[in-house]
Novice: 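Just passing along the structure, written as structure tokens.
Chain letters run A, B, ... following the sequence lines, proteins first, then strands; residues in each count from 1.
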Number of protein chains: 2
Amino acid sequence: MKHDPRFDEARDRHDSRSNPVFVGVERAIHEHRLPPGTRLAEAELCEIYGVSRTIVRAGLQALTHSQLVTLVPNRGASVAKPTPSDAQEVFEARELIEPRTAREAARRATPADIELLRRHSAEEHKALEARDYGRSLRLSGLFHTEIARISGQKTLLGFVDQLVSRSALIIALYWHRERARCDSQCHERLIDAIAAAKPDEAETLMRSHLVDIHTALDFRDAGDSSRDLRDMLLP
Amino acid sequence: MKHDPRFDEARDRHDSRSNPVFVGVERAIHEHRLPPGTRLAEAELCEIYGVSRTIVRAGLQALTHSQLVTLVPNRGASVAKPTPSDAQEVFEARELIEPRTAREAARRATPADIELLRRHSAEEHKALEARDYGRSLRLSGLFHTEIARISGQKTLLGFVDQLVSRSALIIALYWHRERARCDSQCHERLIDAIAAAKPDEAETLMRSHLVDIHTALDFRDAGDSSRDLRDMLLP
DNA sequence: AGCTCATAAATTGTATACGATATCGAGATT
DNA sequence: AATCTCGATATCGTATACAATTTATGAGCT
């Protein structure tokens with residue numbers, strides 16, 4: 001046996017993805033159950049997830065690498081608080097990268113991919129109607145990473161993943177209007193362009209969609225709130 | 001005291017950057033002392049750097065996140081071996097992102113920045129004349145990340161950093177000609193464009209520079225070699 | 001000889017123990 | 001009353017111990 005291809009799948013996502021702390025905290029951040037700035041004490045996470053500090057620390061370091069968590073030496077971890085300047089940068093980066101993934105997705109999407117996108121969009125719509133704010137936000141992000149996945153560029157997918165993640169924090173801090181009205185419209189039109197295999201249109205739609213969100217950000221207060229960790233992570 | 005700004009510096013780079021395993025292995029990869037595929041046994045790294053497995057494992061996980069190391073569950077770590085398809089992707093991503101950082105650098109570079117770039121370029125040239133292949137390669141990569149730093153986009157800097165890192169592995173695997181002749185020419189011209197504050201020109205030069213390298217890659221054999229870890233890491 | 005399976009050695013995964021650093025609070029000082 | 005100092009407590013950083021898994025070795029079999 002020369003090389004077992006299973007390893008290639010195993011390695012990529014099973015480093016952080018198999019860590020319950022990483023998965024749980026990431027998801028809680030995506031769903032806005034963990035507000036920016038929340039302190040993440042190791043002992044507390046140990047109890048919540050029933051693992052030792054070894055696992056907790058590995059998870060926190062992984063979260064730090066994706067910039068969802070800020071780790072201050074000797075003083076512990078807390079949910080990251082992107083500054084207005086960070087927010088600008090993240091959206092500038094998205095405006096550079098995602099039009100490309102949308103273009104490529106339009107060139108490569110299979111019928112199954114389109115089906116998946118439409119299903120996601122429907123789910124997002126449903127969550128929004130059910131007032132399940134957190135879930136709709138997570139699905140909205142998933143839509144963007146799904147397009148990156150369809151584009152077939154694993155490297156760009158990694159970047160988009162990170163940018164979408166951070167966007168959840170940015171939206172938590174700097175978004176005030178009733179959101180996602182534009183989203184569902186924009187997302188539908190993007191799917192149509194991709195399904196019609198129109199790369200130029202998909203690229204343009206994606207760019208303007210991101211610019212829309214970007215320009216709607218509102219940089220003022222960034223107040224703190226402190227509730228109980230267990231409440232935010234367990235449900 | 002509300003918020004000590006030193007933390008902002010401390011947090012960013014002092015997570016992985018203070019780990020001797022991360023720093024040492026990263027540098028060895030950048031300088032082509034650690035060929036792709038080299039196995040990285042934990043016990044061996046413990047001895048080499050005089051630290052416990054805790055530190056070694058943290059370093060290996062950080063290296064995995066920057067995709068320099070492949071970590072297979074229960075079977076340990078080895079230096080990553082980007083496939084030809086990975087290599088294509090990395091350069092496509094660089095061709096998307098780095099023209100932007102070059103453009104921004106041309107708009108924002110201070111005289112001190114230009115000075116620094118010229119000094120780096122001179123060092124690189126010297127290393128090349130001294131046949132110090134590893135050093136010249138590392139400096140060549142540093143040139144690209146330095147431009148990203150000057151662009152002022154921390155987010156894109158992070159991506160460029162990762163892409164340049166992986167490029168060292170890609171060059172180790174898929175580059176055969178006598179290299180870096182083009183580089184020093186290209187780099188000089190790029191500095192000139194940036195110094196002259198010509199964003200369009202800097203952007204174009206960067207793009208064609210990257211395309212040059214990309215098209216010169218040669219995807220054939222990817223043979224293994226196994227020497228002693230200590231020899232590759234300690235000097 | 002080549003193969004299979006069992007056992008031993010090596011290596012990784014996780015938990016815990018201990019030392020270092022930071023945080024908090026009581027009492028003294030200005 | 002506010003600030004400062006110093007000890008107690010909590011929290012983090014690193015090393016180590018033990019369990020789980022993989023890899024290497026060799027006897028026995030076809």
Novice: At under 4.0 Å, does any side-chain N or O of Ser52(B) touch on OP1 or OP2 of dA15(D)?
Specialist: yes
Novice: As a test of reading the structure: which of dT22(D), dT14(D), dC12(D) is closest to the side chain of Ala41(A), going by heavy atoms?
Specialist: dC12(D)
Novice: When the nearest nucleotide of DNA chain C is assigned to Ala43(B) and to Thr54(B) on a heavy-atom basis, which residue is associated with the more 5' position?
Specialist: Ala43(B)
Novice: Starting at CZ of Arg57(A) and ending at P of dA15(D), how long is that distance when rounded to a whole Å?
Specialist: 12 Å
Novice: Specify the separation, in whole Å, of atom CD of Glu42(B) and atom C1' of dT22(D).
Specialist: 13 Å
Novice: Salt bridge between Lys154(B) and Asp86(A), side-chain N to carboxylate O under 4.0 Å?
Specialist: yes
Novice: Please say which of Arg119(B), Arg149(B), Arg108(B) ends up in a salt bridge (charged side-chain N to carboxylate O under 4.0 Å, His left out) with Asp113(B).
Specialist: Arg149(B)
Novice: First contact, last contact: which nucleotides of DNA chain C are these for chain A, 5' to 3', heavy-atom distance under 4.0 Å?
Specialist: dT14(C) to dT23(C)
Novice: Regarding His144(A) and Thr101(A), do their side chains bring together a donor and an acceptor under 3.5 Å, going by distance alone?
Specialist: no
Novice: Rounded to whole Å, how long is the line connecting atom CG of Asn19(B) with atom C1' of dG13(D)?
Specialist: 12 Å
Novice: Can you tell me which nucleotide in dC12(D), dT21(D), dT16(D) comes closest to the side chain of Arg53(B)?
Specialist: dT16(D)
Novice: Output the rounded distance in Å from CZ (Arg75(A)) to P (dT11(D)).
Specialist: 14 Å
Novice: Mind listing the closest non-hydrogen atom pair of Val79(A) and Pro36(A) along with its distance?
Specialist: CG1-CA, 3.7 Å
Novice: Parallel, tilted or perpendicular for Phe91(A) and His214(A), by the 30°/60° rule?
Specialist: tilted
Novice: State, with a plain yes or no, whether a side-chain heavy atom of Arg135(B) is found less than 4.5 Å away from one of Glu123(B).
Specialist: yes
